[in-house]
Amino acid sequence: MLDRKYIRENRAAVTRAVALKREAVDIEAYYDKDARRRAALREMEDLQAAANAENKGIAARKKAGEDTTDAIARMKRISDRLKELRAVAAAMEEEADALYLRIPNVPHESVPEGGEEANTVMREWGEPWRPERAVRPHWELGRELDILYLEEAARMSGSGFFVLAGDGALLERALVNFMLDLHVEQGYRELIVPYLVNRDAMTGTGQLPKLAEDMYRVEADDLYLIPTAEVSITNLHRQETLSAELLPRRYVAFSPCFRREAGSAGKDTRGILRVHQFHKVEMVRFERPEDSWAALETLTRDAEEVLRRLELPYRVVMLATGDLSFAAAKCYDLEVWSAGVGKWLEVSSCSNFTDFQARRAGIRFKGPGGSAFVHTLNGSGLALPRVMIALLENGQTPEGRVRVPAALRPYVGGREMLG
RNA sequence: GGAGAGGUGGCCGAGCUGGUCUAAGGCGUACGCCUGCUAAGCGUAUGUGUGGGUAAAACCGCACCGAGGGUUCGAAUCCCUCCCUCUCCGCCA
C-alpha cells in the first residue's frame, strides 16, 4: 500500500494512478473517510491524554493515603466518554482501511499510459519459426509421444489439470533443475517454501483483498494455496527490520502454483496454455530503494537468460498502466514464441513493487539514516508449462521427435532427442 | 490430539498480591571524557508506529510487554479465546 501521508498530500497523483490502473476503488470515499478517521482519532487521543493525567493524580493521592472518591468519579465520566469515542474511531478506521487496502501502487513515469494495446515491445531475441504448413500443437505432440495426459487429469480433477508422463515428466524435472542452477549461479539463494499461507501473508503481497476469487482456500484452517512462490518468498521477511548491510537479498524458489482462473473461463482452453496447477521457478529481490530500478533491469535479464540458453525466441514487453498488476509500479513480461499454437506466450512477469508490498508486509531495513521500507521485486524464471509448450512445438521434427537444446542435455542424461 | 512450562525493548532478564511502569538491572551499540596505544573506568544517549507541529528540525500527544477481546475509574500485571516455542505422552510419513 501507499503511505497514508503520501495519499493525503498527493491527491491528484493518486486519483490519476487509480484511473490509469483501471481500479474500481472509490478514491473520493477514501479521502472522506480518512478525514473522519483522523478527526475521531484526534478527539479520542486528546481525551486519553486527560485520562492519563487524571490517573497519575489518583495514583499519587492513593499512595499518600488521601481520599480519591471525587477523582475516581471524574475518571469514570472521562472513561465512559472515551469508550464511545473509541468505538467511533474504530468504526471510522475500519471503513477507511477497507478502501485503503484497495488503492493500487502508482505506475512509474516510464510506463506507457493505456490498456493492453499500449504495451510496448522493448526488444526481441531469436528468430520466431513461422512454418509454411501448420505444425503440431503441443497437445497433439504430447499424445503422440505419450508424455501428456489431459483426459486422465480431467477425470480426477476437472478441466485445467494435466499429467506429465515419462519423458514429459523428465523434461519438466530437467527444466526446473536447469533454471534453479542458473539462478543460483546468478546470485540467488535457493529456498523451499510453504505452499499454504495465511490471510496476512496474502494481504502482504497484495493478492488480498482484490484477488480473493482467484485463489484456492482451505477452509478448515483458513489457509490459501499460493498462486506463486512470490507470496511465500516475499513474506519470508514479513514484519522484520533487516540491517542495511543485509541488502540486497535475492532468493529463488521452485513451487507449484494454484490458480482458480475464475475470470478467464473459455480463454486459452486447449492443451496446457492455462491451467489451475503448474510449476514455476520464481525470483524475489529485496533491494534498497535507490537500487530497485536498476535491479528490475538485471532481474529481467536474469529471467531472459533462461530463454536464451534454451534457444527459444522471445520478446520483452513493457506493460502499459492499464495492464499492470495491482501492486506493481512497472513490469516487463517475457513472451516466448511457440510455433504450434502460433502465439507469443507469457512465461514471466518481472516487476518492481517499490515499497508497496514492503509497507503492507512490514519489511524494513535500518541503516545509519534510520529505518525505511525496502523495495521488493519479483520475476518468474520461468513458468514451466508454457516453456514446455515452446520446447515441444519449436523443437519438433517432421518425424515427430523433439530436439533437446544443448543447455538442457546434461539434465536429461545427455540425450539430444526425445521420443 | 493430551498434560505441563513459557512468549517483556537489538539481546538477556526483573516486574505479574492492578495505580509515579514514563518497564528495573545487565549486555550490546553510538558519542564524549579519561588514557603512550588497546583494554578497563566514568558520563550521556539508544525502539517502532501514528496524529499534530515545522521550510526542515526541535517539540507535543497517543499506542505498542505474542495477537485479539473482556473486567476495572485505571491492566505488562486479573479473566477469556487464539497463535507460537519448549518438555513429556499419544498418533503418524
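Below, chain A is the first sequence line, B the second, and so on; all start at residue 1.
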Undergrad: Compare side-chain N and O positions of Arg61(A) against OP1 and OP2 of G19(B) and report whether any pair is under 4.0 Å apart.
TA: no
Undergrad: My understanding is that a pair needs two contacts under 3.5 Å, Watson-Crick or G-U wobble. By that rule, which nucleotide pairs with G68(B)?
TA: C80(B)
Undergrad: Take nucleotides 62-84 of chain B nucleotide by nucleotide from the 5' end and write B, S or -, depending on whether a protein heavy atom sits under 4.0 Å from the base, only from the sugar-phosphate, or from neither.
TA: SS-------S-BS----------
Undergrad: If the plane angle is over 60° it's perpendicular, under 30° parallel, otherwise tilted; pick one for His237(A) and Phe286(A).
TA: perpendicular
Undergrad: When you compare the side chain of Leu307(A) with that of Leu382(A), does any pair of heavy atoms fall below 4.5 Å?
TA: yes
Undergrad: OP1 or OP2 of G52(B) versus the side-chain N and O atoms of Arg38(A): is any pair under 4.0 Å?
TA: yes
Undergrad: Could you tell me the separation between the CZ atom of Arg364(A) and the C1' atom of U50(B), rounded to a whole number of Å?
TA: 11 Å
Undergrad: Quickly work out the Leu82(A) CG to G61(B) C1' distance and round it to whole Å.
TA: 14 Å
Undergrad: Are Arg173(A) and Tyr411(A) in a cation-pi contact, defined as NZ or CZ under 6.0 Å from the six-membered ring centre and within 45° of the axis?
TA: no
Undergrad: Would you measure the distance from the C1' atom in C83(B) across to the matching atom in C21(B) and give it in whole Å?
TA: 27 Å
Undergrad: Measure from NZ on Lys5(A) to C1' on A56(B) and round the result to the nearest Å.
TA: 12 Å
Undergrad: Taking the P atom of each, how far is A63(B) from A75(B), in whole Å?
TA: 10 Å
Undergrad: When the C1' atoms of G1(B) and C12(B) are considered, how many whole Å apart are they?
TA: 34 Å
Undergrad: Looking only at atom P, what distance separates G9(B) and C65(B), rounded to whole Å?
TA: 10 Å
Undergrad: Is the shortest heavy-atom distance from the side chain of Arg238(A) to the side chain of Arg360(A) under 4.5 Å?
TA: no
Undergrad: Would you kindly check if the NZ (Lys) or CZ (Arg) of Arg199(A) is within the cone defined by 45 degrees around the ring axis of Tyr224(A) and under 6.0 Å from the six-membered ring centre?
TA: no
Undergrad: For a quick test of reading the model: is some side-chain N or O of Arg8(A) closer than 4.0 Å to OP1 or OP2 of G51(B)?
TA: yes
Undergrad: What is the distance, to the nearest angstrom, from the CG atom on Leu41(A) to the C1' atom on U50(B)?
TA: 8 Å
Undergrad: Side-chain contact, heavy-atom cut-off 4.5 Å: Leu182(A) with Glu305(A)?
TA: yes
Undergrad: Looking at G49(B), which nucleotide sits across from it as a Watson-Crick or G-U wobble partner, both distances under 3.5 angstrom, or is there none?
TA: C62(B)
Undergrad: Expressed in whole Å, how much space separates the C1' atoms belonging to G18(B) and C78(B)?
TA: 8 Å
Undergrad: So, do Arg285(A) and Thr376(A) sit near enough that their side-chain heavy atoms are less than 4.5 Å apart?
TA: no
Undergrad: For A3(B), what is the paired nucleotide under Watson-Crick or G-U wobble rules, both distances under 3.5 Å?
TA: U87(B)
Undergrad: Side chains of Ile147(A) and Leu164(A): does their closest heavy-atom pair fall under 4.5 Å?
TA: no
Undergrad: Rounded to the Å, how far apart are Asp97(A) CG and U50(B) C1'?
TA: 12 Å
Undergrad: Can you check whether Tyr314(A) reaches Glu304(A) side chain to side chain, under 4.5 Å on heavy atoms?
TA: yes
Undergrad: Check every strand shown and say whether Arg74(A) touches a base, only sugar-phosphate, or nothing at a heavy-atom separation below 4.0 Å.
TA: nothing
Undergrad: Could you tell me which nucleotide pairs with U44(B) by Watson-Crick or G-U wobble geometry, both distances under 3.5 Å, or answer none if nothing does?
TA: A30(B)
Undergrad: Could you state the atom-to-atom distance from CD of Glu9(A) to C1' of G51(B) in whole Å?
TA: 13 Å
Undergrad: Would Trp293(A) and His375(A) count as a ring pair (Phe, Tyr, Trp, His ring centres under 6.0 Å) if you check the C-alpha gap in whole Å, the side-chain angles of each, and the deciding distance to 0.1 Å?
TA: CA-CA 10 Å; Trp293(A) 294 108; His375(A) 279 197; 7.5 Å; no
Undergrad: Contact class for Arg81(A) vs. all strands (heavy atom < 4.0 Å): base, sugar-phosphate, or nothing?
TA: nothing
Undergrad: How far apart are the C-alpha atoms of Lys21(A) and Asp323(A), what are their side-chain angles, what is the distance that settles it, and do they pass the salt bridge (Lys or Arg N to Asp or Glu O under 4.0 Å) test?
TA: CA-CA 7 Å; Lys21(A) 278 239 177 143; Asp323(A) 217 14; over 6 Å; no
Undergrad: Hey, what are the protein-to-nucleotides 90-93 of chain B N/O distances that come in under 3.5 Å?
TA:
none

Undergrad: Taking the C1' atom in each of U17(B) and A76(B), what is the distance between them to the nearest angstrom?
TA: 15 Å
Undergrad: Please give the distance between the C1' atoms of G47(B) and G36(B) as a whole number of Å.
TA: 40 Å
Undergrad: Counting only Watson-Crick pairs (N1-N3 plus N6-O4 or O6-N4) and G-U wobbles (N1-O2, O6-N3), all under 3.5 Å, who is the partner of A39(B)?
TA: none
Undergrad: Who is the Watson-Crick or G-U wobble partner of A57(B), with both distances under 3.5 Å?
TA: none
Undergrad: Considering only atom C1', compute the distance from C88(B) to G26(B) and round it to an integer number of Å.
TA: 33 Å
Undergrad: Quick one: Leu2(A) CG to U50(B) P, roughly how many Å, whole number?
TA: 14 Å
